[in-house]
Number of protein chains: 2
Amino acid sequence: MAQRNLLQFIILGLLHQTPMTGYELTKAFDSDIGEFWSAQHSQIYPQLQKLETAGALTHTEEVTGEKLARKRYAITDDGLDTLNTWLAAPTAASTNGKDEFALKLYFIPDASDSRLKPMLEAQQVEHTTKRTHLEHQLATKFPDGAPTTGLGHYLILQHAVLREHEYCDWLASALKHCH
Amino acid sequence: MAQRNLLQFIILGLLHQTPMTGYELTKAFDSDIGEFWSAQHSQIYPQLQKLETAGALTHTEEVTGEKLARKRYAITDDGLDTLNTWLAAPTAASTNGKDEFALKLYFIPDASDSRLKPMLEAQQVEHTTKRTHLEHQLATKFPDGAPTTGLGHYLILQHAVLREHEYCDWLASALKHCH
DNA sequence: CTCCTATATGTCATTAATGACATGTTTTAA
DNA sequence: TTAAAACATGTCATTAATGACATATAGGAG
């Protein structure tokens, strides 16, 4: 296996919240959950077909305007079982943390290397932008702090903010070490 | 492309530090750089062959004991060019952050869900263990703080520690929100 | 009325990565 | 001395994921 096919569970989880089309699912990965998983429509549409064949989903056709039919998928009882089994299973601490920039730093051997400072500064711009954006999202979507319903949404957004916070702090401290 | 084949650059980077065998490269992913990239020997050996065919590496045979011959790979000037080009290229803020636990939380909709607390506590054990281990590594490998040579090594270890620190803080704050 | 953007759904070739299979040597500890 | 663990190198089938190709409708702006 190349991965453990978590995509199926994410789709089930999203459809459990509310029935959606493939297009809407694709867009979901552009928002908050995109911070922790990504998927393109070319992967989502085939996966929807597989899940439906397996009996985890059903779809109904909706017609917008004159002709355009879209498929709105809903989770079945079987699908809900699959989702709950996944949620109940123990989760290992994520080991997938792939970070290209960290690797590059690893290969800059010396503190006096002239490439070090500009690299760190460029990365600082990237992550500061991302951090600001995420903080704005959090403040906009949850102006009153943690909600009772939708707590998971709040928590992962907060996680993303804290993650970027850590990254910015780390870059700042790294810059101090570089001559 | 499924990915951007960063493995080739990581191999070049490691071999630039010192010539190594495929076995030694494999072990390198079990230590610190494993926090930011992973690879199995089944991927490394073919990649070494490809890089050698492309002229980025050469190898010499060493005989240990009676029979066993191992191949020690070294980077060529061409390989060094490839490595330096990669290091000089701009790096986007990592978007690969795949976190299964964060996704599970996202699908627990309500703060009163009975699954929430045990999930968070189990994950807390995982990440506290990992954090302690990494902190011990940092203290052992760099008892005198940041070095001048091997700064990159120090920085990524520190990055891993801070990352786990953030994770533990986040889990603790999440537990406060859960009834 | 026309163009652009967003909506909407699919396929396909290619590649990165995994886990299993396969084989043999060397060292170390019981 | 013998068995286990570590060293050492490879192949292969399968799968997850990407990016490109393909096609068509709907709605809004100028």
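A note on names: the letters A, B, ... follow the listed sequences, proteins ahead of strands, and every chain is numbered from 1.
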A.B. asks: Is it true that the side chains of A/Lys71 and A/Thr60 contain a donor and an acceptor less than 3.5 Å apart?
C.D. replies: no
A.B. asks: Distance check needed: D/dT9 P versus B/Ile44 CD1, whole Å only.
C.D. replies: 11 Å
A.B. asks: Output the rounded distance in Å from CD (B/Gln43) to C1' (D/dG10).
C.D. replies: 15 Å
A.B. asks: Provide, to the nearest angstrom, the distance between the CG atom belonging to A/Asn5 and the C1' atom belonging to C/dA17.
C.D. replies: 14 Å
A.B. asks: Got a sec? Which of residues 49-62 of chain A come in under 4.0 Å of DNA chain C, heavy atoms?
C.D. replies: A/Gln49
A.B. asks: Any sub-3.5 Å donor-acceptor pair from A/Arg163's side-chain atoms to A/Gln158's backbone N or O?
C.D. replies: no
A.B. asks: Mind checking what makes salt bridge (charged side-chain N to carboxylate O under 4.0 Å, His left out) contact with A/Lys50, not counting sequence neighbours?
C.D. replies: none
A.B. asks: Would you say the side-chain atoms of B/His159 and A/Glu166 include a donor-acceptor pair closer than 3.5 Å?
C.D. replies: yes
A.B. asks: Given ring-ring contact (aromatic ring centres under 6.0 Å, His included), test A/Tyr106 with B/His153 step by step and report yes or no.
C.D. replies: CA-CA 5 Å; A/Tyr106 186 72; B/His153 188 176; 5.5 Å; yes
A.B. asks: How long is the line joining CD of B/Gln47 and P of D/dG10, in whole Å?
C.D. replies: 14 Å
A.B. asks: Which listed nucleotide (D/dG10, C/dG10, C/dA17) is nearest to the side chain of B/Leu7?
C.D. replies: C/dA17
A.B. asks: Whole angstrom is fine here: how far is it from NZ in A/Lys71 over to P in C/dT9?
C.D. replies: 8 Å
A.B. asks: Show me the pairs that pass ring pair (Phe, Tyr, Trp, His ring centres under 6.0 Å) and involve residues 64-91 of chain B, at least two apart or across chains.
C.D. replies: B/Phe9-B/Trp86, B/His59-B/Tyr73
A.B. asks: Expressed in angstrom and rounded to an integer, what is the separation of B/Arg70 atom CZ from D/dA6 atom C1'?
C.D. replies: 13 Å
A.B. asks: Checking side-chain polar atoms at under 3.5 Å, does B/Thr76 have a donor or acceptor matched by the opposite partner on B/Asp78?
C.D. replies: no
A.B. asks: More 5' along DNA chain D: A/Ser38 or B/Arg72, using each one's nearest nucleotide?
C.D. replies: B/Arg72
A.B. asks: Let me have a per-nucleotide readout for nucleotides 20-26 of chain D, 5' to 3', with B, S or -, counting only protein heavy atoms under 4.0 Å.
C.D. replies: B----SS
A.B. asks: Is there a donor-acceptor pair under 3.5 Å between the side chain of A/Glu164 and the backbone N or O of A/Val161?
C.D. replies: no
A.B. asks: Does one side chain, of A/Glu135 or A/His165, offer a donor that lies under 3.5 Å from an acceptor on the other?
C.D. replies: no
A.B. asks: Can you tell me if the side-chain N/O atoms of A/Gln3 get under 4.0 Å from OP1 or OP2 in D/dT15?
C.D. replies: no
A.B. asks: Quick one: which residue pairs count as a salt bridge (Lys or Arg N to Asp or Glu O under 4.0 Å) with a foot in residues 118-129 of chain B, not counting sequence neighbours?
C.D. replies: B/Lys117-B/Glu121
A.B. asks: Find the distance B/Lys98:NZ to C/dA17:C1' and express it as a whole number of Å.
C.D. replies: 12 Å
A.B. asks: Would you kindly say whether A/Tyr167 and A/Asp99 are connected by a side-chain donor-acceptor distance under 3.5 Å?
C.D. replies: yes
A.B. asks: Within residues 11-31 of chain B, find the residues that approach DNA chain D with a heavy atom at under 4.0 Å, and present them sorted by residue number.
C.D. replies: B/Thr21, B/Gly22, B/Tyr23
A.B. asks: Measure from CZ on B/Arg4 to P on D/dA17 and round the result to the nearest Å.
C.D. replies: 18 Å
